[in-house]
Undergrad: 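Please find one structure pasted underneath; my questions will follow.
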Number of protein chains: 2
Amino acid sequence: MRQSFTASATGRNPRRQARGVRTRDAILRKAVDIASARGLEGLTVGTLAKSLGMSKSGLFGHFGSKEELQLATVDAARQIFIDLVIKPALTAPKGMPRLWRLVDLWIAHVENHVFSGGCFFTAASFEFDSRRGPVRDRIASVMREWMGTLTRAVHGAQKEGHISTTVDPAGLAQELQSYALGAHWATQLLEDRAAYAGARVLALQRLRSFATSNSPRVG
Amino acid sequence: MRQSFTASATGRNPRRQARGVRTRDAILRKAVDIASARGLEGLTVGTLAKSLGMSKSGLFGHFGSKEELQLATVDAARQIFIDLVIKPALTAPKGMPRLWRLVDLWIAHVENHVFSGGCFFTAASFEFDSRRGPVRDRIASVMREWMGTLTRAVHGAQKEGHISTTVDPAGLAQELQSYALGAHWATQLLEDRAAYAGARVLALQRLRSFATSNSPRVG
DNA sequence: CCTACCGATCGGTAGG
DNA sequence: CCTACCGATCGGTAGG
C-alpha cells in the first residue's frame, strides 16, 4: 500500500508528525501562490520543489499524485480565503454592514496582493471551467460555498430589515460577484488602476438603492 | 534565413499560396477552439497537429515558434469576434439599440457554443493576466479595443439623446462587461442555467434606468 | 526526506 | 509538407 510521508506520520511520534504537517503547510502556501499566477496546471512538481529547496520526490511523497497536490492546493486556498475574507466579515454587525464587508474584503484581499497572481479562485475558475474531474468539482464546490455565503448575507440583511424583501438574494449575490470579477479582470489584464474603486462605488450604489430607511449607511 | 511554408508561398505561384493560406486558416480555427477550452499554453503543437492529421513539423512551419502560433491564434479569435459580435451589432440603429446589440451578441456567441470552451478571450484573459510578454500584450490590446468599442457605443447613445449625459461611458462599459463576465463564470463553472438570462435582464434594467424619454425600447 | 531513474511529451531543428 | 531526430521537462517510481 502507498504510504505518504504525512500519512505514515499520523503514527506515534508527534514531533515527527508536527514537522511533516509544517512542511506540508509550507509547500501548500507556496503552491497557492504559484498557482494564482501560473495556474494549477502551470504548478509543476519540479518548479514547486525547486522553489522550496526540496527534491521532487520528497515533495511528491506528501501528495502521491499531481491531482492530489492540486486538490490540496484548492483546500489551502479555501482556508486562506476563509481566514482573510469570511471570518473578518463575520465580526461586522448582521445585515447590511456584514454584506458590504464581504464584498469589500473580497476586493481588498486581491488588491493587497495576498497572492502574486491576484485571486487564486478567479484564476482557477477560468482555468478549469471547461474541464471535468475532481479538481474542477472541488473548485466549483468552493465557489458555490462562497456564493451561498454571499446569498445568505443578502438574506440576512433582509431579515434585519436593511434590504427590501423584493430583492432576489441569489440575484444580488451574482451581481456583486460580477462587479468583483470585472474589477479583477480590468485591473490585472488592462492595468486599469481605477477598477477596484469603481467596483466599490458601483456595489455601494446598488446596495443603497435596495436599502430600506432602517439600514445603517455603509461604505 | 528561416522560411516558413507560408512565407515562401508568398512568391509567384498563387495556387500554392492559396493552399498554404487555407491550411493556415484551418489550423487557426482549430487552435482557437482548443485554446478556448485548454488555454493557450494547453494548446500544444503536438495535439494540434494530431487533431488535424498533420505532422508536428508540417504545422510548425506555418508559425516558426509556439509564441507565433499563440499570437496568430489570438488574431484569429479577434477576427471571429469581429465577425460574430461587432459587425452584426453595427447593423442595429445607432444609439441605444446598437449598444444593447453589442452586449446581447457578446452573450449570445458564448451561449451558442461557437467554441467548445466558451469565450476564447475570457479564458485567455485570465490565463495571461499575471504574465508578461507579447502574447499577454496582444490579448490586452484586443480587450482594450473591445472596451473602446463598448465605450464608444455608450457615447454614441448619448449623442443620439438615448442615454443621459451624466453617465460615464467607460464606467457603464465596464459595468456591462462585468455582467457578461459574471454570467460566463456562473454558467461555465457553476452550471447555473439562468445566468445568461439574468445578465441580460440586469443589463437591460440598468440601460433603461439611464435611458432618456427619447430612447427606443430595447430587449 | 534523498538519489537515480523511467517513458511520455514538450518546443524546436536538420534535411529532404 | 514529411521523417527522424534533439535536449529539457513532465508526472511518477524504485529503493534506500
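Only a predicted model underlies this, so the values are computations on that prediction, with no experimental measurement involved. Lettering follows sequence order; numbering is per chain, from 1. Because only heavy atoms are used, hydrogens play no part in the values below, and waters and symmetry mates are left out as well, while side chains stay in.
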Undergrad: I'd like a table of donor-acceptor pairs (distance under 3.5 Å, sequence neighbours excluded) in which one partner is a side-chain atom from residues 186-196 of chain B, with atom names and distances.
TA:
residue, atom, partner, partner atom, Å
B:T187, OG1, B:A183, O, 2.7
B:D192, OD1, B:A194, N, 2.9
B:D192, OD1, B:A195, N, 3.4

Undergrad: Which nucleotide sits closest to the side chain of A:F60: C:dG12, D:dT13, C:dC10?
TA: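 Nearest to the side-chain atoms of A:F60, counting from C-beta on, is D:dT13.
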Undergrad: In terms of side-chain heavy atoms of A:T47, which of D:dG12, C:dC1, D:dC10 is nearest?
TA: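 The answer is D:dC10.
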Undergrad: Does the pair B:D129/B:R136 count as a salt bridge with the N-to-O cut at 4.0 Å?
TA: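 Here B:D129 does not pair with B:R136 in a salt bridge, since their nearest N and O are not under 4.0 Å apart.
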Undergrad: Let me know the distance between NZ of A:K66 and P of D:dG12, rounded to the nearest Å.
TA: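 Nearest whole value for this atom pair: 8 Å.
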Undergrad: Would you call A:E127 and A:R38 a salt bridge, taking side-chain N to carboxylate O under 4.0 Å as the test?
TA: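 No.
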Undergrad: Between atom CZ in A:R38 and atom C1' in D:dC10, what is the gap in whole Å?
TA: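 Computing the A:R38:CZ to D:dC10:C1' distance gives 15 Å.
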Undergrad: Rounded to whole Å, please give me the gap between CD in B:Q70 and C1' in C:dG11.
TA: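 One finds 11 Å between C1' of C:dG11 and CD of B:Q70, rounded.
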Undergrad: When the distance from CG of A:L59 to C1' of D:dT13 is rounded to whole Å, what number comes out?
TA: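 To the nearest whole Å, that distance equals 15 Å.
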Undergrad: Just how far, in rounded Å, is C1' of C:dC1 from CZ of A:F63?
TA: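 About 14 Å, once rounded to whole Å.
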Undergrad: So what does the secondary structure string of DNA chain D come out as, 5' to 3', with Watson-Crick or wobble pairs under 3.5 angstrom, [ ] for crossing and | for pairs with another strand?
TA: ||||||||||||||||
Undergrad: For DNA chain D, find the residues of residues 48-56 of chain B with a heavy-atom distance under 4.0 Å and give them by number; none if there aren't any.
TA: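 Those residues whose heavy atoms fall under 4.0 Å from DNA chain D, taken from residues 48-56 of chain B in numerical order, are B:M54, B:S55.
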Undergrad: Check the distance between C:dG12's C1' and B:E68's CD and give it to me in whole angstrom.
TA: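 Result: 14 Å.
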Undergrad: For B:S65, give me all partners under side chain to side chain contact (heavy atoms under 4.5 Å, CB included), at least two apart in sequence or on another chain.
TA: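 Side chain to side chain contact (heavy atoms under 4.5 Å, CB included) check on B:S65 returns B:E67, B:E68.
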Undergrad: Do you know which of B:L48, B:L40, B:T44 makes side-chain contact (heavy atoms from CB on, under 4.5 Å) with B:I34?
TA: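 It is B:L48, the one option of B:L48, B:L40, B:T44 that forms the side-chain contact (heavy atoms from CB on, under 4.5 Å) with B:I34.
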Undergrad: With the side chain of B:T44 defined as its heavy atoms from C-beta on, choose the nearest nucleotide among C:dC1, D:dC1, C:dC10.
TA: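 Ranking C:dC1, D:dC1, C:dC10 by closest atom to the B:T44 side chain puts C:dC10 first.
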Undergrad: May I ask you to verify if any side-chain N or O of B:S57 is less than 4.0 angstrom from the OP1 or OP2 atom of D:dA4?
TA: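 No.
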Undergrad: Using ring-ring contact (aromatic ring centres under 6.0 Å, His included) as the criterion, list what pairs up with A:F128, not counting sequence neighbours.
TA: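 ring-ring contact (aromatic ring centres under 6.0 Å, His included) list for A:F128, sorted by chain: empty.
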Undergrad: Without decimals, in angstroms, what is the distance between B:E41 CD and D:dC10 P?
TA: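 For the pair B:E41 CD and D:dC10 P, the rounded distance is 12 Å.
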Undergrad: Are B:V218 and B:L204 packed together at the side-chain level, in the sense that at least one heavy-atom pair is separated by less than 4.5 angstrom?
TA: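 B:V218 reaches B:L204 side chain to side chain.
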Undergrad: Which word best sums up how the rings of A:W106 and A:W146 line up, parallel for under 30°, tilted for 30 to 60°, or perpendicular for over 60°?
TA: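 Aromatic pair A:W106/A:W146 classed tilted.
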Undergrad: Just to verify, what does A:R78 make a side chain to side chain contact (heavy atoms under 4.5 Å, CB included) with, not counting sequence neighbours?
TA: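 Checked A:R78 against side chain to side chain contact (heavy atoms under 4.5 Å, CB included); matches are A:I82, A:F121, A:V142, A:E145.
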